[in-house]
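Contents: one structure, followed by commentary.
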Number of protein chains: 2
Amino acid sequence: MTSTEPPAESAPLRPTRQRRAVSEALAACDDFRSAQEIHELLGRRGDPVGLATVYRTLQRLADAGEVDMLRTEDGEAVYRRCSGSHHHHLVCRSCGATVEVEGPAVERWTRAIADRHGFADVSHTLEIFGTCPTCAES
Amino acid sequence: MTSTEPPAESAPLRPTRQRRAVSEALAACDDFRSAQEIHELLGRRGDPVGLATVYRTLQRLADAGEVDMLRTEDGEAVYRRCSGSHHHHLVCRSCGATVEVEGPAVERWTRAIADRHGFADVSHTLEIFGTCPTCAES
DNA sequence: ACACCTGGTGAGAATGATTTTCAAGTCGGG
DNA sequence: CCCGACTTGAAAATCATTCTCACCAGGTGT
């Protein structure tokens, strides 16, 4: 208890082979992927990472805001490396192809609604699901 | 294969004690509740319904559009009887209190985005989470 | 180099929600 | 009263995700 205590910052986070592998996998594909898919992908690529570690890593990346996480219509969590700014997604239900979209008007609208009802600590989710042109031409 | 085949309609759906119980439970509370909560509530009320049946019933009601289903931030499915028209929700993270909101502009916006990218069979989710005034005054 | 300490890993067990299985119950009509 | 179709529910089965815990790795102080 001397005084060497920077306000309980986020841990240093050591750069290990596993963490690098997960990040690279995310960087390699442009679509939303589940933890399991990442895990399998890495395994096939001969750069195996334990499933638990994949989950842990994705969670941290998501917390750090380096990747976006959302839930598919059946509740599964999927991840994707994304641009830093706040945005939403148009996601293909069958192949996961994703388009980032912005909607400043929507942001304002949600804030206004929350304010009007006195809700604090507000967050919102907005995702658009559909079938992309490629998957459509069965 | 005579000809007595009305285009495979939705089944008649028999009105049983269990189904009535679930519907009533939903009608009784104004907030989003999980299947487990409904199940427990009914049990305590002395009108026990099997957990599997609760799940089945909620699912059908949701498919029929008689109740709304959404996923909490940690992926759990919760249900609530709702007005027929399309709308979204402002939900309290801690007590489940819910406010229905409409945003015609948002609807138009999502459709426009989807169209612009050629996505078909489009659906969208939009929920606002926060802490309601009551829960806020710790 | 050496002993250490802390964080990181991973295999497998544990959780928890949701679904399925399947034998038994119910309903409505003939 | 009897049949067949629809329901039910307890228990088993799934599935994604988390936890446990013994073991490993890298940097530090000496």
Side-chain angles (χ1 to χ4, degrees), chain A residues 2 4-6 8-25 32-64 67 69-80 96, chain B residues 2 4-6 8-26 32-64 67-80 96:
Chain A
T2 40
T4 328
E5 283 297 329
E9 290 294 297
S10 56
L13 196 45
R14 223 177 276 175
T16 66
R17 171 184 72 77
Q18 289 81 340
R19 302 223 234 254
R20 220 170 300 124
V22 172
S23 288
E24 280 167 23
F32 274 98
R33 295 292 174 223
S34 71
Q36 316 248 10
E37 286 173 328
I38 301 275
H39 170 251
E40 204 208 312
L41 175 61
L42 289 174
R44 262 190 277 111
R45 248 182 32 179
D47 201 353
V49 176
L51 183 54
T53 302
V54 172
Y55 272 105
R56 276 186 294 239
T57 305
L58 288 174
Q59 213 148 55
R60 294 218 188 175
L61 289 173
D63 287 348
V67 305
M69 183 266 257
L70 64 83
R71 294 189 179 272
T72 62
E73 285 174 330
D74 49 286
E76 195 181 1
V78 287
Y79 304 79
R80 174 176 187 271
Chain B
T2 40
T4 329
E5 283 296 330
E9 290 294 295
S10 55
L13 196 45
R14 219 179 284 174
T16 65
R17 171 183 72 77
Q18 289 83 339
R19 302 223 235 253
R20 220 170 301 123
V22 172
S23 288
E24 278 167 24
L26 283 168
F32 274 98
R33 295 292 174 222
S34 70
Q36 316 247 11
E37 286 172 328
I38 302 275
H39 169 250
E40 204 208 311
L41 175 62
L42 289 173
R44 261 190 278 112
R45 248 183 29 181
D47 201 355
V49 176
L51 183 54
T53 303
V54 173
Y55 273 106
R56 276 186 294 240
T57 304
L58 288 174
Q59 214 149 53
R60 293 215 189 174
L61 288 173
D63 287 349
V67 304
D68 275 10
M69 182 266 257
L70 64 83
R71 294 190 178 271
T72 61
E73 284 174 331
D74 50 286
E76 195 180 359
V78 288
Y79 304 79
R80 173 177 188 271

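Computation of the quantities below employed the complete heavy-atom set of this structure, encompassing side-chain atoms and omitting hydrogens, waters and symmetry-equivalent molecules. The chains referred to below are lettered A, B, ... by the order of the sequence lines, with proteins before strands, and numbering in each begins at 1.
In terms of heavy atoms, B/Arg14 sits closest to B/Arg19 at O-NE, 2.9 Å. The nearest pair of heavy atoms linking A/Met69 to A/Ala62 is CB-CB, 4.4 Å. Shown here for B/Leu42 and B/Ala25, the closest heavy-atom pair between the two residues is CD2-CB, 3.9 Å. Residues A/Ser34 and A/Glu76 share a closest heavy-atom pair of CB-OE2, 3.4 Å. Nearest heavy atom pair, residue B/Ala35 against residue B/Leu51, reads O-CD1, 4.5 Å. Closest non-hydrogen pair, A/Val67 versus A/Leu58, comes out as CG2-O, 4.2 Å.
The CG atom of A/Leu41 sits 9.0 Å away from the CD atom of A/Glu37 when rounded to the nearest 0.5 Å.
Contacts between residues 38-51 of chain B and DNA chain D, defined by a heavy-atom separation under 4.0 Å, are made by B/Val49, B/Gly50.
For residues 43-58 of chain A, the side-chain hydrogen bond (donor to acceptor under 3.5 Å, both in side chains) pairs, not counting sequence neighbours, are A/Arg17-A/Asp47, A/Gln36-A/Tyr55, A/Glu40-A/Arg44, A/Thr53-A/Arg56.
Summary for the helix from C/dA1-D/dT30 to C/dG30-D/dC1: the axes at its two ends, each from 5 pairs, differ by 20° when rounded to the nearest 10 degrees.
Side chain of B/Arg33 to backbone of B/Leu26: no donor-acceptor contact under 3.5 angstrom is found.
Considering only residues two or more places apart in sequence or on other chains, B/Phe32 meets the ring-ring contact (aromatic ring centres under 6.0 Å, His included) condition with B/His89. Every residue meeting the side chain to side chain contact (heavy atoms under 4.5 Å, CB included) condition with B/Glu73, not counting sequence neighbours, appears here in chain and number order: A/Ser123, B/Arg93, B/Phe129. Here B/Arg80 pairs with B/Asp30, B/Glu100 under the salt bridge (Lys or Arg N to Asp or Glu O under 4.0 Å) rule; sequence neighbours left out.
Contact between the side-chain N/O atoms of B/Thr16 and the OP1/OP2 oxygens of D/dT7 is not found at any separation under 4.0 Å. The side chain of A/Gln59 contributes no N or O atom lying less than 4.0 Å from OP1 or OP2 of D/dT17. Using a 4.0 Å cut-off, some side-chain N or O of B/Gln36 falls inside it from OP1 or OP2 of C/dA17. For B/Tyr55 and C/dT18, the shortest distance from a side-chain N or O to OP1 or OP2 is below 4.0 Å. Of the side-chain N and O atoms in A/Arg17, none sit less than 4.0 angstrom from OP1 or OP2 of C/dG8.
Rounded to whole Å, atom P of D/dC15 lies 18 Å from atom CZ of A/Arg71. Look at CZ on B/Arg60: it is 8 Å from C1' on D/dC6, rounded to the nearest Å. Between the CG atom of A/Leu58 and the C1' atom of C/dG10 there is a distance of 16 Å, given to the nearest Å. Note: CD (A/Glu76) to P (C/dA17) measures 18 Å, nearest angstrom. Taking atom CG on A/Asp74 and atom P on C/dA17, their separation rounds to 17 Å, with Å as the unit. Put simply, CG on B/Leu70 is 16 Å from P on C/dA17, counting in whole angstrom units. In this structure, B/Leu61 atom CG and D/dT7 atom P are separated by 12 Å, rounded to whole Å.
Of the candidate nucleotides C/dT18, C/dG10, D/dC6, D/dC6 has the atom nearest to the side chain of B/Arg19.
Nucleic acid contact class of B/Gln18 (heavy atoms, under 4.0 Å, all strands): sugar-phosphate only. Among the protein residues, A/Glu37 comes within range of no part of the nucleic acid, since none of its heavy atoms lies under 4.0 Å from any strand.
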Inset, instruction - Using a 4.0 Å heavy-atom cut-off, write out nucleotides 20-25 of chain D from 5' to 3' as B (base contacted by protein), S (sugar-phosphate only) or - (no contact). - result: ------

